[in-house]
2 protein chains.
Amino acid sequence: MEFFNKTGKVAVGSRLRMLTEKITEDAAKIYEVYGIGLQPKWFPVFYVLSAGEEKTITAIAKEIGHSHPSVSKIIAEMGKKGLVAEQKDKTDGRRNMVSLTPKGKEITIKLQDQLLDVNAAIEAISAQTTHDLWKAIEEWEYLLEQQSLLSRVVEAHKKREAAKVTIVDYQPKYKAAFKALNEEWISTWFKMEATDYKSLDHPEEYILDRGGHIFVALYNDEPLGVCALVKMDDPDYDYELAKMAVSPKAQGKSIGWLLGQAIIEKAKQLGAKNIYLESNTILKPAISLYNKLGFKKVPGRPTPYERANIQMELDLRS
Amino acid sequence: MEFFNKTGKVAVGSRLRMLTEKITEDAAKIYEVYGIGLQPKWFPVFYVLSAGEEKTITAIAKEIGHSHPSVSKIIAEMGKKGLVAEQKDKTDGRRNMVSLTPKGKEITIKLQDQLLDVNAAIEAISAQTTHDLWKAIEEWEYLLEQQSLLSRVVEAHKKREAAKVTIVDYQPKYKAAFKALNEEWISTWFKMEATDYKSLDHPEEYILDRGGHIFVALYNDEPLGVCALVKMDDPDYDYELAKMAVSPKAQGKSIGWLLGQAIIEKAKQLGAKNIYLESNTILKPAISLYNKLGFKKVPGRPTPYERANIQMELDLRS
DNA sequence: TATATTTGTGTAACTGATTACGTAATTTAT
DNA sequence: ATAAATTACGTAATCAGTTACACAAATATA
């Protein structure tokens, strides 16, 4: 299919479907040629029953990977043709025990030849290919079980978006953004406190001039995230990670992560032995980000903020 | 899927279907996440239209490998959402020209990002596999186009059946079969002639004792085919292939082919320079077999048989 | 022991494709 | 110029699966 060369691999789904269709179409004809009176779609069910044991509908469904209504329907159809017998389980009234009838077993024998021939034909095709379809499917099944396609795509999206984000040093022109981004989340969850106004209205005096740093995350030259590294006057801690704020419209771009990384990098450059932070457990994504960055919870300390109910630290020496 | 390890490759169809399903299921979710308002099944249609040109329903169907009703339905759905516009062709009243609306074109741009991410995710999966699914599908598509699965299976069947056939030298116990098998086809198509009775009732005297040979094809020890190599008293020809007969219930076992091969082999051993035969053009499969064996039509010669209307020879020296 | 939860199954409705068929417009052949 | 064949396309029915839901039976829990 010329078409698929253009679209690229996004169309694996469509392409797989078409190959599947072609094969099942021929499968139907093959069953007809051998005149066994078995519908191709019955095959998986028939196959598991051919071992001889009685099985329940759900057990069959689980084994062949179909939904149970699908098996239920197939069994009904096969029953009509006299290939299977259904019987309620005596000890468990819910169970419908299914097994092959003598007529069904007869077909098992006839089917052997067909299976041999189909297998031979498929092996012959495989022998002519340099890429093994069977094994490739197996690998895909495994990998998709590890992580779904969806979450892989989301991951790819984040990675690509993150590449568009640049982290830069604070400049006076970002003053408004620094305040606005912080005010946005603070007033959403809590209310602005006096200490907030001090540092947000005067970042130069209260943060930079005292040996701190501020980073700004730009996306298309627009400041969508900010974060400060504040020098602390404390025997236990050198710096505090504070005023981390990311615009809600910039979700999924890893801005928080990139800002955190920049802050940690800067602290290391400054020879800090650790970083301290205060937050609130109501801010789940924030706490989860801090965890990912390596911060650990520590016992509470005095704080000027009402909203702080959790303290964390990152040890830079380990 | 454990199940597929048991069934062997007969179940490629089922297995492919399940992988396809898993992928398309996630595809649906992916479209949802990106919030583009495009249904996954619309993608192929959307894609070909995104080039910008107006296209007819059937042209799209052909390009993406769907049936035209499928495209017709998809276009109707997309039309309802205002993504495509339909317009009757002025010069050809049958044609329904379809193109993207401005709204549809807008989506094209939004879709770019999604395609990038999905492609990246799939490439990431591919990178982790040792067997390339994409290329494997391509190979299968190609090989199935060359020869359908059905005809490959039929071929495998013939080959397997042929392996069960053994060609043996004539023995007195096959005398009845030699006559019966020949009488069967002769009286079906023509009527038995005096010359027939001579050689069928007395094969030893009329064929073997005069330097000829008879081969019998056995299937499960049952004689289902016979053929004679008769010494000729003729300056042009050494031997005649005659009394070839295969039971109609033994179709698809290549018995004719195997007998023919044995006869030719024997003639070569005997140092014959050629083999002659007479037949009737009404016997299509026989003539086709003789052709496959290498016999060529030659001008008519005197013959004791009324039914002969074609003569052929095989040159063993070339 | 009474209640809640889980399990096994069947029915109904949906889905994304197909084939079959009908109709109208166009093209080809006589 | 007319008849026959082909082409474009829509509608209906079908197919092989699915999910959603209902209900009874069995099991777990308070």
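To find a chain, count down the sequence lines: A is the first, B the second, and so on, and within it residues start at 1. Reckoned from all heavy atoms, side chains included, excluding hydrogens, waters and symmetry mates. Being a predicted model, the structure only gives us computed values, none of them experimental.
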What is the nucleic acid contact for [X], judged by heavy atoms within less than 4.0 Å: base, sugar-phosphate only, or nothing?
X	result
B:E25	nothing
B:S67	base
B:T24	nothing

ask   = Salt bridge between B:E21 and B:R17, side-chain N to carboxylate O under 4.0 Å?
value = yes

query = Is a salt bridge present between B:E25 and B:K22, judged by a nitrogen-to-oxygen distance below 4.0 Å?
reply =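 The answer is no: the pair does not qualify as a salt bridge.
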
ask   = Considering only heavy atoms, which members of residues 75-91 of chain A lie under 4.0 Å from some atom of DNA chain C?
value =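 Within residues 75-91 of chain A, the residues near DNA chain C are A:E86.
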
task = Could you walk me through whether A:E53 and A:S99 pass side-chain hydrogen bond (donor to acceptor under 3.5 Å, both in side chains), step by step?
result = CA-CA 7 Å; A:E53 286 168 52; A:S99 58; over 6 Å; no

Return the value, rounded to whole Å, for the distance between atom [atom1] of [X] and atom [atom2] of [N].
X	N	atom1	atom2	value
A:I23	C:dA17	CD1	C1'	17 Å
B:N96	D:dT7	CG	P	19 Å
A:D92	C:dG8	CG	C1'	8 Å
B:K55	D:dC9	NZ	P	13 Å
B:K41	C:dT15	NZ	P	8 Å
A:I57	D:dC23	CD1	C1'	16 Å
B:K29	D:dT18	NZ	C1'	13 Å
B:I60	D:dA8	CD1	C1'	13 Å

key: side-chain hydrogen bond (donor to acceptor under 3.5 Å, both in side chains) against B:E138, all qualifying residues, sequence neighbours excluded   =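 B:E138: no side-chain hydrogen bond (donor to acceptor under 3.5 Å, both in side chains) contacts found.
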
OP1, OP2 of [N] versus side-chain N and O of [X]: anything below 4.0 Å?
X	N	value
A:R17	C:dA17	yes
B:S72	D:dG10	yes
A:S70	D:dT18	yes

request  = Give a yes or no on whether the backbone of A:T281 and the side-chain of A:N309 come within a donor-acceptor separation of less than 3.5 Å.
outcome  = yes

query = Any sub-3.5 Å donor-acceptor pair from B:R152's side-chain atoms to B:Q147's backbone N or O?
reply = yes

ask   = Any donor-acceptor pair under 3.5 Å between the side chain of B:K73 and the base of D:dG10?
value =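 Flag unset: no donor-acceptor pair detected.
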
key: hbond_proxy B:R94 side chain to D:dT7 base (donor-acceptor, 3.5 Å cutoff)   = yes

ask   = With nearest nucleotides of DNA chain D determined for A:I74 and B:V71 from heavy-atom distances, which residue corresponds to the more 5′ nucleotide?
value = B:V71

inquiry  = Let me spell it out: for each of B:P69 and A:H68, pick the nucleotide of DNA chain C with the closest heavy atom. Which residue's pick is nearer the 5' end?
reply    =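 Here A:H68 is the residue nearer the 5' end.
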
query = Can A:K110 and A:E106 be said to form a salt bridge (charged side-chain N to carboxylate O under 4.0 Å, His left out), step by step?
reply = CA-CA 7 Å; A:K110 279 202 231 163; A:E106 232 171 79; 5.5 Å; no

task = Run the numbers on A:D113 and B:R160 for salt bridge (charged side-chain N to carboxylate O under 4.0 Å, His left out), then give the verdict.
result = CA-CA 9 Å; A:D113 275 8; B:R160 204 168 45 77; 3.6 Å; yes

